[in-house]
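Comments concern the structure below.
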Amino acid sequence: MSEDESTAEAEQGVEDASAAITELAKRRGFFFGSAEAYGGVAGFYTFGPQGAALKRNVEDAWRDRFTVKEGNQEIEAPTVMPEPVFEASGHLDGFDDMLVECAECGVSHRADHLVEDETEIEEAESLPIPEVEELIADHDLRCPNCGAPLAGQPVEDFNLMFETSIGPGSGQTGYLRPETAQGIFVEFPRLKEYARNQLPFGVTQIGRAYRNEISPRKGLIRTREFTQAELEQFINPERDEPSLDSVADVEVRLYPATEQEKDDGGYLLTTIGEAVESGVIANEWIGYYLGVAQRWYDRVGVDMDRFRFRQHLSGERAHYASDCWDAEAELGGVSASPESEAGEAADPSAGDWIEIAGFAYRGDYDLSKHGEHADDSFTVFEQYDEPKTVERAVVEPDMSTLGPEFGGKATDVADALSDLAARDPDAFDGETVTVEVDGEEHAVDAEVANFRIEEQTEAGEHVTPHVIEPSFGVDRTVYTIIAHAYVTDEVDGERRTYLALDPEIAPTYVGVFPLLGNDEALTAVAREVVSDLREAGLSVSYDDSGNIGRRYRRQDEIGTPFCVTVDHEGLETAGAETATIRERNTTAQVRVPIDALADELAAIRSGRKAFDDLRAEYDDGGRGR
RNA sequence: GCGCCGUUGGUCCAGUGGUAGGACAGUGGCUUCCCAAGCCACUAGCCCGGGUUCAAUUCCCGGACGGCGCACCA
């Protein structure tokens, strides 16, 4: 097959896969565009009964791994926050882009970028709009697309944050959060107390975030309201280390920035341990969470042959990140497995890859910013093992002299003396010291300043923690799980579609049917089975409509892993009454005593048993399909 | 936000200047002892606004929504 053909086929596959999944999602209640009765609204999706359950199960699995098993704390912050929060975080500026549209070809450009490219100005983003319009006219900037002059075209602001007003009237300006992270950062002063001022500690949050996208696309993949699951891991960068050993042998497919910049760059197949050792993954905390995440994705049903970690290129990184890796999933049906094409290395540029998580080293950016803007302290006091004795230059000005001499400026002069002592102790060698306050020089008698070198004991220091942020897109993860679970096969010559969802996350765990819908004896027992299984905490669906094959297919399509069927044969068996359990992927069946159904199915869901164990344990009373 | 294409039962499609037809799905019944079978019946639709016309689901304009390309995605 030529390369062109295979590419064309892959693209066809993308369309088919996404269309088939969208159709299934609408028809079976996974997700669909919101408010279609009112014409719909772009970028908003409603999860139907199956989708909401699936999403909830994914969130629970994430919580189990990233909150509970890591020993972290979960919080729930508001989705609306006042303006100053986002002034501090940088979102108000960083989110506020200037666009200018070409009158000739209609293409929009970042006005600030044009100015920066064509002039000496470097921070055009911070200039007011009229000034940017003037610069465009003065420098006769032209459309990069068609070359038409842009002078006279209006420069327009758009902010990717949803704005709202808090309280009646003009009220206070607020914004819907563009990421859940800020809800954690702003509460850091309290959160550190709950962690008893001990680094390292982690805080998680699962919740909605909002971005007023210019043009939402690709269904669930890019929406205006979405769910994030984020962990903010706070560490002392000088000291704290992750337990890298526990994930060192996790095998990963890395796509480093250096490979992306090559024309024929490829994957680096390695282990977390080796990648950190060799410096491909620069930060061991990032490495640790890549390992944890890879195992988690595998657990919830992401196909590891269609999964990779891609490092951000330097120009791609956010304002706060010093290093960043994305988890990416392939949705077009192209396997990235190197074994897939007779040993040929997989081509990283093939396939339809989307970001499903980001792992950023945010340094102390966020806490420092909030420390500058807010009133509270965003540091942790860390005690030294041994108190340290340090020599420190101090002044203790005689205020009874400074007061009469400088009047209202006396305090400022005293502060200036204190600063000077720390900065330049030698300045106090002479008979007078000169300090500057508000541009005026003031001479102070050295004795009045009362300068001396003092020995001080320091028990510890205030540390601004660094932050490692694994940030997961829940909706995209849900979509990926559905796409990777989507299977078509044949049963008895009939085409079948099913979702091979993992029992832990399948929205419905077991379907229960009477073999015949119009048989009182069977329906009564089946309904009892439903009650028993629900009592055992399982998610159960009852169905007696249509023939048995149709009912199996319905459950197959929503990914229900097991179906229990009550039949006469089972009610007539000597001893205990039995029913069949049918496994979704293989359609194999095993006959199990009705009394044992709840325990056995619960055992499989928790991972203590497999379906094959049941087949070994009980006589194969099914039809041996 | 720009350009191209589209929008018809729950889903996927056909069709028409005189308000529509199929397939699948669904519901009830008959049949049926294990994988989308069959028979009968039923439920259910022309995206919104304006214009042209005696008459618009159909033609024209605008909008909303969707797909693709460009831009954007910190």
Side-chain angles (χ1 to χ4, degrees), chain A residues 11 14-15 18-20 22-29 32-44 48 86 89-97 99-110 113 125 143-146 156 158-161 178-179 211-219 221-224 315-321 354-355 358 360 490-498 513-519 522 545-557 563-572 579-580 582 584 587-589 591 621-625:
Chain A
E11 277 167 12
V14 172
E15 279 171 31
S18 107
T22 304
E23 189 270 339
L24 175 67
K26 274 194 276 195
R27 192 161 43 78
R28 289 301 190 191
F32 46 85
S34 294
E36 284 182 344
Y38 290 90
V41 53
F44 293 90
F86 300 110
S89 71
H91 287 100
L92 216 49
D93 283 341
F95 246 42
D96 214 8
D97 290 339
L99 279 196
V100 59
E101 189 182 325
C102 173
E104 286 295 316
C105 67
V107 173
S108 288
H109 306 280
R110 286 280 297 269
H113 287 179
E125 201 172 343
C143 173
N145 188 48
C146 69
E156 286 179 6
F158 69 87
N159 195 312
L160 259 41
M161 282 195 294
E179 59 174 7
R211 298 178 190 183
N212 201 1
E213 299 282 354
I214 303 165
S215 96
R217 286 285 167 83
K218 310 246 179 213
I221 302 305
R222 219 171 116 210
T223 55
R224 290 185 164 127
E316 186 181 0
R317 285 199 299 266
H319 56 278
Y320 49 72
I354 61 153
E355 171 193 353
E490 260 188 28
V491 173
D492 290 350
E494 300 277 358
R495 269 219 325 254
R496 175 175 80 134
T497 299
Y498 67 97
F513 320 134
L515 183 57
L516 302 175
N518 60 353
D519 189 318
L522 296 180
S545 170
N547 73 55
I548 191 68
R550 179 177 296 262
R551 285 177 266 161
Y552 285 141
R553 292 296 197 275
R554 283 184 189 131
Q555 296 302 322
D556 287 343
E557 255 195 342
C563 290
V564 169
T565 303
V566 176
D567 61 353
H568 279 298
E569 191 182 328
L571 299 186
E572 286 157 7
T580 58
R582 175 239 193 210
R584 175 196 58 211
T587 74
Q589 288 182 304
R591 186 170 286 280
R623 291 284 162 126
R625 305 193 60 84

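Chain A is the first sequence line, chain B the second, and so forth, proteins listed ahead of strands; every chain is numbered from 1.
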Requested in this report: State which residue, out of A:Arg582, A:Arg551, A:Arg550, fulfils the salt bridge (charged side-chain N to carboxylate O under 4.0 Å, His left out) condition with A:Asp556.
Outcome: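 Only one of A:Arg582, A:Arg551, A:Arg550 forms a salt bridge (charged side-chain N to carboxylate O under 4.0 Å, His left out) with A:Asp556, namely A:Arg582.
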Please examine the side chains of [Y] and [X], heavy atoms only from C-beta on, and report whether any two atoms are closer than 4.5 Å.
| X | Y | result |
| --- | --- | --- |
| A:Glu557 | A:Leu24 | yes |
| A:Cys563 | A:Gln589 | no |
| A:Lys218 | A:Ile354 | no |
| A:Met161 | A:Leu92 | yes |

Atom [atom1] of [X] and atom [atom2] of [N]: how far apart are they, to the nearest Å?
| X | N | atom1 | atom2 | answer |
| --- | --- | --- | --- | --- |
| A:Leu24 | B:C24 | CG | C1' | 14 Å |
| A:Glu36 | B:G9 | CD | P | 11 Å |
| A:Glu557 | B:A36 | CD | C1' | 9 Å |
| A:Glu23 | B:G66 | CD | P | 18 Å |
| A:Ile548 | B:C35 | CD1 | C1' | 8 Å |
| A:Arg27 | B:C12 | CZ | C1' | 9 Å |
| A:Arg28 | B:C12 | CZ | P | 13 Å |
| A:Leu515 | B:A37 | CG | C1' | 15 Å |

Nucleotide of [options] approaching [X] most closely (side-chain heavy atoms):
| X | options | value |
| --- | --- | --- |
| A:Arg554 | B:U27, B:G10, B:U32 | B:U27 |
| A:Lys218 | B:U11, B:A36, B:C68 | B:C68 |
| A:Thr497 | B:C35, B:A36, B:C12 | B:A36 |
| A:Arg222 | B:U32, B:C73, B:C34 | B:C73 |
| A:Val491 | B:C35, B:C33, B:G28 | B:C35 |
| A:Asn518 | B:C34, B:U31, B:A74 | B:U31 |
| A:Asn547 | B:C34, B:A37, B:A74 | B:A37 |
| A:Thr580 | B:U32, B:C12, B:C34 | B:C34 |
| A:Pro178 | B:A74, B:A36, B:C34 | B:A74 |
| A:Asp567 | B:A37, B:C35, B:C33 | B:C33 |

Using purine N1 to pyrimidine N3 plus N6-O4 or O6-N4 for Watson-Crick, or N1-O2 and O6-N3 for G-U wobble, each under 3.5 Å, what pairs with [N]?
| N | answer |
| --- | --- |
| B:G66 | B:C5 |
| B:G26 | B:C42 |
| B:A74 | none |
| B:G18 | B:C54 |
| B:C35 | none |

Distance-only donor-acceptor test (3.5 Å): side chain [X], base [N]:
| X | N | value |
| --- | --- | --- |
| A:Arg217 | B:C73 | no |
| A:Ser215 | B:C72 | no |
| A:Gln589 | B:C34 | yes |

Requested in this report: Would you tell me if any nitrogen or oxygen in the side chain of A:Thr587 comes within less than 4.0 Å of OP1 or OP2 on B:C34?
Outcome: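 So the side chain of A:Thr587 is outside the cut-off, no N or O lying under 4.0 Å from OP1 or OP2 of B:C34.
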Say we look at [N] and [M]: how far apart would their [atom1] atoms be, to the nearest angstrom?
| N | M | atom1 | result |
| --- | --- | --- | --- |
| B:C13 | B:G18 | P | 25 Å |
| B:U58 | B:U52 | P | 15 Å |
| B:G69 | B:G50 | P | 35 Å |
| B:C34 | B:C42 | P | 31 Å |
| B:C24 | B:A41 | P | 15 Å |
| B:G67 | B:G15 | P | 24 Å |
| B:G10 | B:C46 | C1' | 16 Å |
| B:C48 | B:U11 | P | 15 Å |

Query raised in the report: Looking at CD of A:Glu213 and CZ of A:Arg222, how far apart are the two atoms once the value is rounded to the nearest 0.5 Å?
Result: 4.5 Å
Query raised in the report: Quick one: CG on A:Asp492 to OG1 on A:Thr587, what's the gap to the nearest 0.5 Å?
Result: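 Spacing of CG (A:Asp492) from OG1 (A:Thr587) equals 7.5 Å.
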Query raised in the report: What does A:Arg550 touch in the nucleic acid at a heavy-atom separation under 4.0 angstrom: a base, only the sugar-phosphate, or nothing?
Result: sugar-phosphate
Query raised in the report: Under 4.0 angstrom, heavy atoms only, what part of the nucleic acid is A:Gly546 near: base, sugar-phosphate, or nothing?
Result: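 Counting heavy atoms under 4.0 Å across all strands, no contact is made by A:Gly546.
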**Report entry** Residue met sooner reading RNA chain B from 5', once A:Glu355 and A:Leu516 are mapped to nucleotides
**Finding:** A:Leu516
Query raised in the report: Is it the case that A:Arg584 places NZ or CZ above or below the six-membered ring of A:Tyr498, under 6.0 angstrom from the centre and within 45 degrees of the axis?
Result: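 Not flagged: A:Arg584 not positioned over aromatic ring of A:Tyr498.
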